[in-house]
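Heads up: the structure comes next, in structure tokens.
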Amino acid sequence: MKTLDMEQLRQSCGDDPEFWAAVLDEFSRVSAEGFDSLKRAVADGDAAGALKVLHGIKGSGRTVGAEELAEMAAELETDVAREGIEALRRKMPEFSAALDRINVRSAELLAEEAAA
Amino acid sequence: MRILLAEDDRVSALIVRRVLEGLGHHIDSCDSGREAWAMIQSGSYDIVISDWMMPDIDGLELCRLMREQPGRTYTYYILLTAKSERKARIEALANGVDDFLVKPLDKEELVGRLASAQRVLDMQDELHNHTGKLNMTMGYLETANRRFSDLFMGLPVASITFDTYGRIMEWNRASEALYQRDPQEVWQADLVEIIADKKTRKWAKSFVQRALRGESIENEECSFIRRDGRARHVTYSTFPLRNNLGEILGAVCTCNDLTERRELEQKLEEQLHVARQLNETLELQSRELAAANARLAELANTDGLTGLKNHRYYNEVLLAHVSEAKRHGKPISVVLCDIDHFKQFNDTYGHPAGDQLLREFAALLSGKVRAEDIVARHGGEEFVVVLPNADQRSALMVAEKLRQAIEAHPWPERPITASFGVSTLVPAGPGYDASELVDLSDRALYASKQAGRNRVTHATEVLDDFAGKTAA
């Protein structure tokens, strides 16, 4: 499963790297804020709040081509809905790592494009 | 175009905004349904692009609310959704959604969907303009229709339209007055039944059939007995009504009520008849009056006793004859005669015998002169005879003939004689007037009396004698 599906990013934003940069930057902020919210939800035991955040990350992740993170959010949505907030608590480290990967991949991509 | 974007996913919102702004559209955005609803109510948007899943009011509810707003111009509604179930989409379409944009977003699809929205909105605009024009045309038509209707209803001549079955469609006020039926009563009624009675039904049927065959008919006359029992005399004209293909849709019929005119003509005819009768009576009376006048004149000119012309008459006639004789250079003579010893006769035999004598004497004189000679009673027992065209010799012969006739006549009581005085106007002689002639005859008569009566004397003899006496 790809960290960043370029085909999807191109489908959503076209071929303009500047546009990619703006979109990936916004995604980075949104997902970071989302992660903070998930942490709070876990701490508070707020499954409903967690589901809402996971649904948002799934949607925007799919839009930008953050395939790995989006699918992880999708799985977590199912798990939390079925098992409760504990399912999220277990996966938080994995989720955090996936978030880092997409951020790194985004930075690399933008650097490559800048160099090109 | 003005576009409202309602999307709580900031990444999708950013992409959509960037793409649409790149195409030159104006974008307002918000991230909740409630906020979007407030913006829709206060602003005017060509397109609303909304996420399906939003906090508070979701995209479907927002579309439904917007569609329920009365009197708003059409707004194109695109729903952003990850949902691909058929049922959900059908529900969305039923709630007024025009199109869907499936997540994850596809830039080209977004552009394509926008182009499609633009086409629909352009058509919507065009439709709106057409509707405006259509409404304006409908307005004109309505005005024209109302004007025609007012004109038709107000025509002073009874006017009716009927369809191809001969059923009445329109009926103006003059028709109401003529037939004494209101429009509700005659609507869709058979025209023949309304305008005709038993006697005229056959004609009316033919009239309607000919009109519906396309014939134009002018002034065909028909009478009928109206429901108030009064006979009406009407002339009917008609021409067919056609559609733009030339097919006959019915006909217009005008009905000109001649009743009053006919009645006036009838009255006039009666009055003329009376006037003619009066005139004939007047003429008759006038003729009778003229005859009476003539009889009166005759009486006024006639001597009551003898039936001869009187003194007044012969004076007038003599004036005219003397003037004529002078104008034509012809002679005229005046003979005066007086019954000898008439007073003595009267004293002896009485007045009735005297009157009888006068009548007989007059008849004798009248019987002895020419038709053109005039015999009149001069007064008392004195008579005058005017002899037109008679010179002195002829006049003396006539006077002598009369004297002899009187002397020879078998008078019942005793022999009667008369004395005569004659005067003549001759062209070459003195220009005597009528009264001078009578005066001369009178002097000659006097001379006859003086000389012993029963004789004739001409004024010429007396003039010499008179002149001699005067000179002496």
Side-chain angles (χ1 to χ4, degrees), chain A residues 1-2 4-37 46 48-49 51-71 73-74 77-78 81 99 102-103 106 110, chain B residues 5-25 27 29-36 49-60 78-85 88-89 92 99-115:
Chain A
M1 193 164 293
K2 292 172 184 170
L4 180 63
D5 179 0
M6 281 305 295
E7 206 176 315
Q8 177 57 46
L9 184 62
R10 280 202 170 83
Q11 186 182 302
S12 292
C13 307
D15 291 325
D16 181 4
E18 206 183 308
F19 193 10
W20 297 347
V23 169
L24 289 173
D25 190 41
E26 183 67 18
F27 177 67
S28 171
R29 266 197 301 278
V30 165
S31 52
E33 286 167 20
F35 190 67
D36 287 345
S37 299
D46 177 10
L51 281 172
K52 200 173 159 191
V53 176
L54 288 166
H55 182 78
I57 292 174
K58 177 185 74 179
S60 49
R62 282 177 177 168
T63 300
V64 299
E67 200 175 66
E68 185 193 21
L69 188 70
E71 292 320 306
E77 239 188 310
T78 314
L99 191 59
I102 181 64
N103 283 334
S106 297
L110 295 175
Chain B
L5 174 62
E7 169 62 285
D8 63 343
D9 171 7
R10 280 151 54 190
V11 174
S12 294
L14 174 66
I15 294 170
V16 173
R17 170 184 277 278
R18 283 283 294 254
V19 171
L20 298 186
E21 281 178 346
L23 294 170
H25 299 299
I27 313 297
S29 57
C30 60
D31 59 6
S32 79
R34 195 179 300 281
E35 206 180 339
I49 300 174
S50 155
D51 193 18
W52 192 320
M53 303 303 290
M54 284 189 294
D56 48 64
I57 302 172
D58 71 18
L60 209 55
I78 299 175
L79 202 56
L80 284 167
T81 180
K83 293 188 181 184
S84 54
E85 300 93 28
R89 288 185 175 228
D99 203 358
F100 300 92
L101 204 54
V102 180
K103 288 179 180 177
L105 290 171
D106 181 326
K107 185 190 169 190
E108 286 178 9
E109 190 184 345
L110 173 61
V111 172
R113 301 270 176 205
L114 251 288

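Everything quoted here is computed from the prediction, not taken from an experiment.
We find the CE-NZ distance between Met53(B) and Lys52(A) to be 11.0 Å, quoted to the nearest 0.5 Å. Remark: Leu14(B) CG to Ser60(A) OG distance equals 11.5 Å, nearest 0.5 Å. The distance from atom CD of Glu26(A) to atom CD1 of Ile15(B), rounded to the nearest 0.5 Å, is 10.0 Å.
In the displayed structure, Glu109(B) atom CD is contacted under 6.0 Å by more than 12 heavy atoms of other residues, nucleotides or ligands. For Arg34(B), the CZ atom counts as loosely surrounded, since its 6.0 Å shell holds 12 or fewer non-hydrogen atoms of other residues, nucleotides or ligands. Within 6.0 Å of NE2 on His25(B) lie more than 12 heavy atoms contributed by other residues, nucleotides or ligands.
Here the shortest heavy-atom pairing between Leu105(B) and Gln11(A) reads O-NE2, 3.7 Å. Minimum heavy-atom separation, Gln8(A) to Pro104(B): NE2-CB, 3.4 Å.
Residue Asp9(B) touches chain A through its side chain alone, counting heavy-atom pairs closer than 4.5 Å.
Of residues 17-25 of chain A, those residues with a non-hydrogen atom less than 4.5 Å from any non-hydrogen atom of chain B are, in numerical order, Phe19(A), Ala22(A), Val23(A).
We find that Arg10(B) and Glu33(A) are joined by a salt bridge, their nearest charged nitrogen and carboxylate oxygen being less than 4.0 Å apart.
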